[in-house]
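Below is one structure, written out as structure tokens; the observations come after it.
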Amino acid sequence: MRRLYAYTFLNGLQFTYTTWLAFVILRGGNPGWAEAAYHLGILVGEIPTGAVADIMGRRKSMLIGLAISAVVAGGYFFIHGTLAACVLMFVSGLATTFISGADTALIYETAVEEGGAENAQKAMARANALQIGALALAPALAGFMYQWNPVFPSLAKGITSLLTLAVVWTVKEQLPERTERVSVITQTVRAVKYVRGNQVALSLILFGWVYNTANAMAFQFGQAYLPYMGMAMGGAGIVFALSQGAGTVGSSLAERMGRVTGGRVLRFGPVLVAACFVLMGVAGGFGAAAALVGAACLVLAGVADGIIYPIHSYRLNEAIPSEQRATILSMHSAGFSMMMTVAFPTASYLPIPMIYLATGLIALVAAVVWMARRWSY
């Protein structure tokens with residue numbers, strides 16, 4: 001687990017997370033279509049690579065994804081216009097598919113193997129705290145890197161990907177014994193049948209699609225929102241760092257929560273997050289205070305998400321079998337990317353405050369429906 005904790009921290013150093021949108025605009029590209037291309041790459045590759053991770057091993061899948069990510073980081077030098085940005089982001093999305101699902105499955109099962117099922121929620125909350133702690137550090141540095149030279153954040157990301165790859169290389173994985181040869185198609189069909197027949201797993205997946213899309217929209221467009229409200233890029237980087245730092249605090253709290261308390265937070269917490277995005281949408285009328293209101297909302301949403309995300313991830317892993325774990329987690333990621341492929345380019349044509357108002361209202365409706373469901377959280 002210590003090596004996997006190191007992986008989560010290094011993988012969280014996403015230096016391009018809060019600068020890529022501004023970089024694409026600088027190079028004459030449309031960031032909405034670039035983000036759509038990224039999620040299209042995820043949509044194309046997510047489920048097949050999840051099945052591959054279940055069949056061949058999660059560690060091998062992660063190594064492939066990290067190697068591709070390191071190469072993609074060097075491709076930022078060649079972005080000029082929308083087409084080049086879309087190609088690079090599509091490949092970046094494919095790289096992500098080899099990692100997502102595989103890493104969560106490996107962390108969950110390693111935690112269960114080393115400390116039992118009760119250890120899994122603590123381990124996943126700790127891993128999430130480390131990852132978003134790194135996400136808190138990266139934007140603060142990346143904002144000033146970008147002001148020095150817009151390409152520097154991508155160079156830092158490439159170096160970090162290689163370091164992360166070296167750590168994962170040393171991780172040991174206990175592969176399950178299989179009595180039959182299973183194809184990617186067979187593995188996928190079995191996973192789909194399982195989800196269709198399991199109400200808890202299906203509900204958690206559908207919730208994750210909407211909740212993660214709203215969060216991604218809010219934090220990605222924050223790169224444009226805060227400067228739009230008059231804040232410099234360096235200041236925006238500090239706000240993102242504070243937001244992620246608040247998320248680290250939230251994950252530390254999630255690690256200490258019992259099952260009943262965690263279930264209540266998972267049930268009611270998304271309403272608070274959605275309300276933050278609605279407030280950001282109407283903050284344009286607050287004059288000079290708009291940037292501060294937006295910054296405060298991002299920090300508050302960050303701490304709430306820091307609690308909600310690991311609890312949701314633990315409950316989803318708990319609800320699915322090991323044999324289809326990475327495949328089903330990839331289905332979860334694929335649905336999110338499908339929604340982002342449509343939502344992000346559509347939103348890019350709206351005024352910045354309207355993006356937050358629309359996102360917040362949709363998320364608020366979904367949160368109320370989620371809160372009203374009658375099943376054990």
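Note that the numbering runs from 1 along the sequence shown for the chain.
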- [ ] Look only at the side chain of T261 and the backbone of M257, and say whether a donor-acceptor pair between them is shorter than 3.5 Å.
- [x] no

- [ ] For S243 and V239, indicate whether the former's side chain and the latter's backbone hold a donor-acceptor pair under 3.5 Å.
- [x] no

TODO: Output yes when a side-chain donor or acceptor of R59 lies under 3.5 Å from a complementary backbone atom of W169, and no otherwise.
DONE: yes

Task: Shortest non-hydrogen contact between L300 and V303, atoms and distance - done: O-CG1, 3.0 Å

- [ ] Verify side chain to side chain contact (heavy atoms under 4.5 Å, CB included) between V171 and L106, making sure each step is shown before the conclusion.
- [x] CA-CA 10 Å; V171 172; L106 186 57; 4.2 Å; yes

Open item on the list: Return the CG to CD1 distance between L272 and I308, rounded to the nearest 0.5 Å.
Closed with: 7.5 Å

- [ ] Might you point out which heavy atoms bring M217 and A343 nearest each other, and give the distance in Å?
- [x] CE-O, 3.8 Å

TODO: For the pair S69 (side chain) and S161 (backbone), establish whether a donor and an acceptor sit closer than 3.5 Å, ignoring hydrogens and angles.
DONE: no

Task: I328 side, atom CD1; R190 side, atom CZ - distance, nearest 0.5 Å - done: 12.5 Å

- [ ] Answer yes if L350 and I362 sit in the same cluster of Ile, Leu, Val, Met, Phe, Trp and Tyr residues linked by side chain heavy atoms under 4.5 Å apart, and no otherwise.
- [x] no

Open item on the list: Run the salt bridge (Lys or Arg N to Asp or Glu O under 4.0 Å) test on R58 and E109 for me, step by step, so that the C-alpha distance in whole Å, both residues' side-chain angles and the decisive distance to 0.1 Å come before the verdict.
Closed with: CA-CA 11 Å; R58 287 76 185 259; E109 294 187 350; 2.8 Å; yes

Task: Geometric class of the H332/H312 ring pair [parallel <30°, tilted 30-60°, perpendicular >60°] - done: tilted

- [ ] Using a 4.5 Å cut-off on heavy atoms from C-beta on, say whether the side chain of F336 contacts that of I42.
- [x] no

Task: Nearest heavy atoms of A347 and I355, plus distance in Å - done: O-CD1, 3.1 Å

Task: Distance, nearest 0.5 Å, that separates CG of L66 from OH of Y7 - done: 6.0 Å

Open item on the list: Within the 4.5 Å heavy-atom criterion, are L226 and L298 side-chain neighbours or not?
Closed with: yes

Open item on the list: Side chains of Y108 and S313: any donor to acceptor distance under 3.5 Å?
Closed with: no

Task: CG-OG1 distance between L165 and T170, expressed to the nearest 0.5 angstrom - done: 10.5 Å

Task: Close side-chain approach of L155 to N149, heavy-atom, < 4.5 Å - done: no

Task: Atom OH of Y309 with >12 non-hydrogen neighbours under 6.0 angstrom - done: no

- [ ] Would you kindly confirm whether L202 and W209 end up in one hydrophobic cluster when ILVMFWY residues are joined by side chain heavy atoms under 4.5 Å apart?
- [x] yes

Open item on the list: Do L204 and V195 sit in one hydrophobic cluster, given that two such residues count as connected whenever their side-chain heavy atoms are within less than 4.5 Å of each other, even indirectly?
Closed with: yes

TODO: Would you confirm whether W370, through its side chain, and S203, through its main-chain N or O, come within 3.5 Å as a donor-acceptor pair?
DONE: no

Task: Nearest-0.5 Å distance that lies between atom CD1 in I159 and atom CG in L10 - done: 12.5 Å

Task: Ring geometry between F207 and Y211 (parallel below 30°, tilted from 30 to 60°, perpendicular above 60°) - done: parallel

TODO: Using a 4.5 Å cut-off on heavy atoms from C-beta on, say whether the side chain of I64 contacts that of I68.
DONE: yes

Open item on the list: Count I, L, V, M, F, W, Y as connected when their side-chain heavy atoms are under 4.5 Å apart, and connections chain through other members. Are F268 and L364 then in the same cluster?
Closed with: yes

- [ ] Flag the pair N198 / I320 as yes when at least one side-chain heavy-atom distance between them is below 4.5 Å, and no otherwise.
- [x] no

TODO: To the nearest 0.5 angstrom, please state how far the CD1 atom of I79 sits from the OG atom of S154.
DONE: 8.0 Å

Task: Shortest non-hydrogen contact from F219 toward A301 - done: CZ-CB, 4.3 Å

Show me the donor-acceptor pairs within less than 3.5 Å that the side chains of residues 82-95 make with the rest of the protein, sequence neighbours left out.
unit_1: T82; atom_1: OG1; unit_2: N30; atom_2: N; d: 2.9

Task: Non-hydrogen atoms of A334 and E46 that approach each other most closely - done: N-CG, 3.7 Å

Task: Shortest non-hydrogen contact between P310 and D305, atoms and distance - done: CD-O, 4.0 Å

Task: same_hphob_cluster(M280, V293) at 4.5 Å side-chain heavy-atom cutoff - done: yes

TODO: For T213 and M340, indicate whether the former's side chain and the latter's backbone hold a donor-acceptor pair under 3.5 Å.
DONE: no

Task: side chain to side chain contact (heavy atoms under 4.5 Å, CB included) between L361 and L357, worked out - done: CA-CA 6 Å; L361 289 175; L357 185 60; 4.2 Å; yes

Open item on the list: Go through it in stages, so that I can follow the logic: the residues are L329 and N317, the test is side chain to side chain contact (heavy atoms under 4.5 Å, CB included), and I'd like the CA-CA distance, side-chain angles, deciding distance and then a yes or no.
Closed with: CA-CA 8 Å; L329 292 175; N317 274 274; 3.7 Å; yes

